[in-house]
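Please read the structure below before turning to the comments.
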Amino acid sequence: MDIRNVILATATAISGIPLTAHAVDGTTAYNFLNHTASSHIYGLGGVNVSLVDDDISTIDQNPALLGPEFDGQLAVNYMKYVGEANFAGARYGFGAGERSAWSVGMQYFGYGEMKGADISGNLTGTFSAKDMFLSVSYSHDITDRLRGGISLKGIYSAYDEYSAFALAADLGINYYDDERDMSLSLVAANLGGQVKRFNESYDRLPIDVRIGWSKMLADVPLRLSVTAWNLTKWHLPYYDSGDGSETSETKIKDSFASNLFRHLVFAVEYMPSDRFYIGLGYNYKTRTDMATYQRSFLSGFSIGAGINVKRFGIGVAMSQPHTGATTFMLNLTTRLFQF
């Protein structure tokens with residue numbers, strides 16, 4: 001079995017992006033690290049490093065969003081993804097005095113059974129594929145408005161008889177002005193590398209730099225967010241196959257405007273109270289990555305909602321990257337010491 005084809009197939013199953021798109025932007029391994037564990041984040045476009053929320057799941061985007069206010073909070077998540085893929089995980093927070101906090105978490109990514117083939121294309125049966133990581137996070141309030149954080153992750157992957165192990169770290173900082181309800185963040189994500197390889201070739205982690213801004217409007221219950229990601233590289237070209245017909249000519253898109261918007265994720269939330277929200281996100285990169293599929297009108301958009309009821313918080317989100325895939329995510333949060 002050709003392990004390179006296995007890795008590419010698995011990366012495709014994770015992200016929903018065609019193999020040709022991976023060949024263009026150069027990311028082929030460990031892309032599951034970019035997948036959020038928070039339905040709130042997923043409903044806002046899948047990437048948001050500046051969202052200040054009463055949900056410890058959001059700290060997988062930025063460890064600086066962790067704080068003593070999450071002491072005793074437990075969050076679990078589940079996602080029905082493309083095909084037979086199912087994701088799940090949990091996270092728990094510990095306060096450490098008035099200015100610091102810890103968190104431990106794990107995420108599991110299972111992709112069901114896949115067909116195996118040798119280098120000649122002959123089918124060899126089926127195999128399973130999975131990824132998972134364990135993480136430990138720490139944050140500290142530098143000032144009343146400035147907080148820094150770090151997450152360390154041990155990452156294990158197993159595709160058929162092949163396995164690999166990697167270590168990664170996220171470094172984040174967040175500035176939050178509670179008077180104006182404005183948040184600014186900077187994150188360096190997925191810093192690290194493989195400790196044990198699948199075979200002789202080295203697969204790099206999706207190292208990234210991200211900047212985020214979130215702001216609650218003064219006169220209406222709306223919060224706006226803009227997140228810039230993939231800032232380690234400017235050019236993010238993609239294939240556009242036109243209308244998808246046999247006569248359509250596939251072209252590579254690499255204009256200034258295309259590259260700019262493929263780095264940006266936009267989101268808006270309606271928040272009439274601190275117990276309820278409805279959010280809408282738009283990720284142009286997701287939409288353009290689907291250009292080689294029969295994408296739907298909704299491709300690139302995602303929607304989510306959440307409510308706090310007594311001791312529990314419930315969040316849901318969904319999106320449809322292309323006509324053959326509708327994804328659904330569920331989050332539950334609670335504070336154990338309240339029982």
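Sequence positions, counted from 1, serve as the residue numbers for this chain. Just so we're clear, the structure is a prediction, and the values are computed from it rather than from any experiment.
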Rounded to the nearest 0.5 Å, how far does [atom2] of [Y] lie from [atom1] of [X]?
| X | Y | atom1 | atom2 | result |
| --- | --- | --- | --- | --- |
| L65 | I173 | CG | CD1 | 12.0 Å |
| I56 | S137 | CD1 | OG | 8.0 Å |
| L236 | H263 | CG | NE2 | 4.0 Å |
| L332 | S57 | CG | OG | 9.5 Å |
| R147 | S100 | CZ | OG | 9.0 Å |
| R223 | S214 | CZ | OG | 6.0 Å |

Heavy-atom pair of closest approach, residues [X] and [Y]:
| X | Y | value |
| --- | --- | --- |
| G193 | L205 | CA-CD1, 3.8 Å |
| S38 | T58 | OG-CG2, 3.7 Å |
| I252 | P237 | CG2-CB, 3.8 Å |
| T227 | N48 | OG1-CA, 3.5 Å |
| P68 | A101 | N-CB, 3.7 Å |
| V209 | L186 | CG1-CD1, 4.0 Å |

Kindly state whether the ring of [X] and the ring of [Y] have centres lying under 6.0 angstrom apart.
| X | Y | value |
| --- | --- | --- |
| Y156 | F165 | no |
| F301 | Y282 | yes |
| W102 | F70 | no |
| F109 | Y111 | no |

Practice item. Output, in order, the C-alpha distance, side-chain angles, deciding distance and verdict of side chain to side chain donor-acceptor pair (under 3.5 Å) for Y162 and N199. Key: CA-CA 8 Å; Y162 300 94; N199 57 3; over 6 Å; no

If we ignore hydrogens and angles and just use 3.5 Å, is the side chain of [X] paired with the main-chain N or O of [Y] as donor and acceptor?
| X | Y | value |
| --- | --- | --- |
| S258 | D254 | no |
| D141 | T143 | no |
| S103 | G93 | no |

If we count only N and O atoms by modelled type, under 3.5 Å, do the side chains of [X] and [Y] hold a donor and an acceptor together?
| X | Y | answer |
| --- | --- | --- |
| N174 | S185 | yes |
| Y30 | D203 | no |
| N331 | S39 | yes |
| S299 | R287 | no |
| S50 | S183 | no |
| S135 | S151 | no |
| S128 | E113 | no |
| R262 | T288 | yes |
| D170 | Q61 | no |

Point to revise | Option passing side-chain hydrogen bond (donor to acceptor under 3.5 Å, both in side chains) with Q107 (candidates D60, D131, N77) | key: N77

Under 4.5 Å between side-chain heavy atoms, hopping through other hydrophobics if needed: is there a path connecting [X] to [Y]?
| X | Y | value |
| --- | --- | --- |
| M318 | Y78 | no |
| W213 | L264 | yes |
| V187 | Y138 | no |
| L167 | Y202 | no |
| L224 | F266 | yes |

Compare all side-chain heavy atoms of [X] with those of [Y] and state whether any distance is below 4.5 angstrom.
| X | Y | result |
| --- | --- | --- |
| L171 | L191 | yes |
| F312 | T333 | no |
| L184 | M182 | yes |
| Y270 | V220 | no |
| D181 | Y176 | yes |
| I150 | L152 | yes |
| L33 | P206 | yes |
| I307 | Y277 | no |

Exercise for review: Dump the intermediate steps for side chain to side chain donor-acceptor pair (under 3.5 Å) on K80 and T327, then the final yes or no.
Suggested key: CA-CA 6 Å; K80 181 66 179 72; T327 62; over 6 Å; no

Review point. Should N34 and N190 be marked as a side chain to side chain donor-acceptor pair (under 3.5 Å) after you check the CA-CA gap, both sets of side-chain angles, and the distance that decides it?
Key: CA-CA 9 Å; N34 291 327; N190 305 320; 3.3 Å; yes

Practice item. Take R335 and D54 through the salt bridge (charged side-chain N to carboxylate O under 4.0 Å, His left out) test and state the conclusion after the steps. Key: CA-CA 11 Å; R335 294 187 184 274; D54 186 24; 2.9 Å; yes

Exceeds 12 heavy-atom contacts within 6.0 angstrom, atom [atom1] of [X]:
| X | atom1 | answer |
| --- | --- | --- |
| F261 | CZ | no |
| R145 | CZ | yes |
| D178 | CG | yes |

Exercise for review: Just do the side-chain contact (heavy atoms from CB on, under 4.5 Å) check on V49 and W229 with the steps written out, would you?
Suggested key: CA-CA 9 Å; V49 298; W229 67 312; over 6 Å; no

Review point. Hey, mind stepping through Y239 and K251 against side-chain contact (heavy atoms from CB on, under 4.5 Å) and telling me if it holds?
Key: CA-CA 6 Å; Y239 287 105; K251 298 180 180 179; over 6 Å; no

Revision key, fill the gap. Contacts of D53 meeting side chain to side chain donor-acceptor pair (under 3.5 Å) (sequence neighbours excluded), chain-then-number -> H40

Practice item. Not counting sequence neighbours, list each pair that qualifies as a ring-ring contact (aromatic ring centres under 6.0 Å, His included) and has a residue in residues 42-62. Key: H35-Y42

Exercise for review: May I ask you to establish whether K253 and Y238 are in a cation-pi arrangement, using a distance under 6.0 Å from NZ or CZ to the six-membered ring centre and at most 45° from the ring axis?
Suggested key: no

Check your understanding: For I59 and R91, what are the C-alpha separation, side-chain angles and deciding distance, and is it a side-chain contact (heavy atoms from CB on, under 4.5 Å)?
Key -> CA-CA 10 Å; I59 75 164; R91 182 172 293 277; 3.6 Å; yes

Practice item. Could you walk me through whether F198 and Y159 pass the ring-ring contact (aromatic ring centres under 6.0 Å, His included) test, one step at a time? Key: CA-CA 9 Å; F198 285 104; Y159 307 153; 5.0 Å; yes

